[in-house]
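Here the structure comes first, spelled out in structure tokens, and everything after it is commentary.
Since the structure is predicted, the reported quantities are computational estimates derived from the model, not experimental observations. The sequence lines fix the lettering, A, B, ..., with proteins before strands; numbering per chain opens at 1.
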Number of protein chains: 2
Amino acid sequence: MLINKSMGIVERKEREREEMRQLILDGAQKLFLANGFEKVSIRNIADAIEYSPATIYLYFKDKNQLLFALHQRGFVKMVGEFLPLQLLADPFEKLVEMGRSYIRFAVENPELFDLMFIMNAPMDTLDKEDWVEGDQAFGLLTRVVQECMDAGIFQKHDVQSTAMMIWSGIHGYTALFLRKRLGMFPECDRELIMDEAFNLFCETLRRGL
Amino acid sequence: MLINKSMGIVERKEREREEMRQLILDGAQKLFLANGFEKVSIRNIADAIEYSPATIYLYFKDKNQLLFALHQRGFVKMVGEFLPLQLLADPFEKLVEMGRSYIRFAVENPELFDLMFIMNAPMDTLDKEDWVEGDQAFGLLTRVVQECMDAGIFQKHDVQSTAMMIWSGIHGYTALFLRKRLGMFPECDRELIMDEAFNLFCETLRRGL
DNA sequence: TTGTTTGATAAACAGTGTTCAGTAAGTTTG
DNA sequence: CAAACTTACTGAACACTGTTTATCAAACAA
């Protein structure tokens, strides 16, 4: 076996394999974002990229693993939207803007958000190392919370619990809204109430934490 | 047509129809709570109650409508757990206990909770009148919030927005926990952090609202 | 050139929600 | 009571789903 020859081939194969993975994910993402998750099957994805359904199983163990790969893409995108906000000087303003960003991300990318925070499917079989993207996003939040404490805006509590509390508060609206659980409010008032509730949450944190 | 005779029969038929509906729902509920939603099919339900799958479609337009009927059962159960708490004298304590109840309900009845607040399916086709159960539960919350305002515990804001904010806060944890989105915390700390975050939320409301 | 590995696939399996023609009882009418 | 009609139910089919496996041709190694 000629080492330099086969090594080149191995590298190319690896590259081609990764390209194929991305091709599948691109096709899947396009379909999911356009038609919603419930209406997209492995066969649809295979058709879209002009391969047989069985081929997809050479690159992803099952549908959940494919969904999880998209879940990771979602986190990359979300963290990308959080990063510019880190430049804001006032830590509390930074926190509020991150909350607003979270909600905006959810409204603009409902399918991705679903995958990241609501759907069961992608979390079914999961290792520790798969959490790096989620960790990164939550890390940004804890850091801002710590800054708020350091600046004396918040009292000093356990940072993790505080961050968790804030995340939950923001996530709550978002999830209820996305899953159409606000039927008790008349359609027209809904956006207003959401907005008021968000502002009230920020105000309450400001005063009470 | 003899009026008194046929009226008796019509009534019996109506009664039998309702009994059949309940029989189907009982079977469905038992299977869903035991195996989770993803693993229960119309055929399973039909087998369990010893009828043909097609029969179920004589009583429910489709699977979503069946799920929505269970969703309503869930609300009846939850409101049933909230009612005794209404006797508590201190409105803030009442609010906190309702929050605790919400979380406990979710942990003890994850499948029902899922149906009530997370799953897409049962909300797909929904009229206004279908919201009575949800309205009732949210009504209990707004009333307690109003009491807190009247007692001077909370500042006077829009009751609806305030109730929405509190609901979201509590719902947030619950949904994230149930959907296994707390992978960034080590397994053993999770319950503790959830508890701390809940207490912190109550404390913050107490001080900041 | 021969032998081996690899990537892709057609076909099948076991399941899903849902519809519909057909049947056998229950009910009403002459 | 017998005939006509109505109703509740079902078997079988339709068009899907995710997933596995035997097969085959092309790429590679000896």
Exercise. Name the residue closer to the 5' end of DNA chain D, choosing between K61(A) and S41(A) according to the nucleotide with the nearest heavy atom.
Key: S41(A)
Exercise. Name the orientation class of the two ring planes belonging to F117(A) and F113(A) (parallel below 30°, tilted from 30 to 60°, perpendicular beyond 60°).
Key: tilted
Whole-Å distance separating the [atom1] atom of [X] from the [atom2] atom of [N]:
| X | N | atom1 | atom2 | result |
| --- | --- | --- | --- | --- |
| I56(B) | dT18(C) | CD1 | C1' | 12 Å |
| I45(B) | dT18(C) | CD1 | P | 11 Å |
| I24(B) | dG17(C) | CD1 | P | 14 Å |
| I42(A) | dA14(C) | CD1 | C1' | 17 Å |
| Y57(A) | dC13(C) | OH | P | 17 Å |
| E38(A) | dG17(C) | CD | P | 13 Å |
| D62(B) | dT19(C) | CG | P | 8 Å |
| Q65(B) | dT18(C) | CD | P | 11 Å |

Quiz item: Are the charged groups of R100(B) and E97(B) less than 4.0 angstrom apart, N to O?
Solution: yes
Quiz item: Would D114(A) and R179(B) pass as an ion pair if we require N to O under 4.0 Å?
Solution: no
Quiz item: Below 6.0 angstrom between ring centroids: does that apply to F177(A) and F185(A)?
Solution: no
Self-check item: side-chain N/O Y51(A) vs dG7(C) OP1/OP2, d < 4.0 Å
Solution: no
Practice problem: Starting from the 5' end of DNA chain C, give me the residue, N44(B) or A54(A), whose nearest nucleotide shows up first. | Solution: A54(A)
Quiz prompt | Most 5' of R43(A) and Y59(A) on DNA chain C, judged by nearest nucleotide | solution = Y59(A)
Any idea which of [options] is nearest the [X] side chain?
| X | options | value |
| --- | --- | --- |
| S52(B) | dA13(D), dT10(D), dG7(C) | dT10(D) |
| L58(B) | dA12(C), dA8(D), dG17(C) | dA8(D) |
| K63(B) | dA8(D), dA8(C), dT18(C) | dT18(C) |

Check every strand shown and say whether [X] touches a base, only sugar-phosphate, or nothing at a heavy-atom separation below 4.0 Å.
| X | value |
| --- | --- |
| N64(B) | nothing |
| T55(B) | base |
| F60(A) | nothing |

Quiz prompt | Test item: W167(B) and L176(A) side chains (from C-beta on) under 4.5 Å apart, heavy atoms | solution = yes
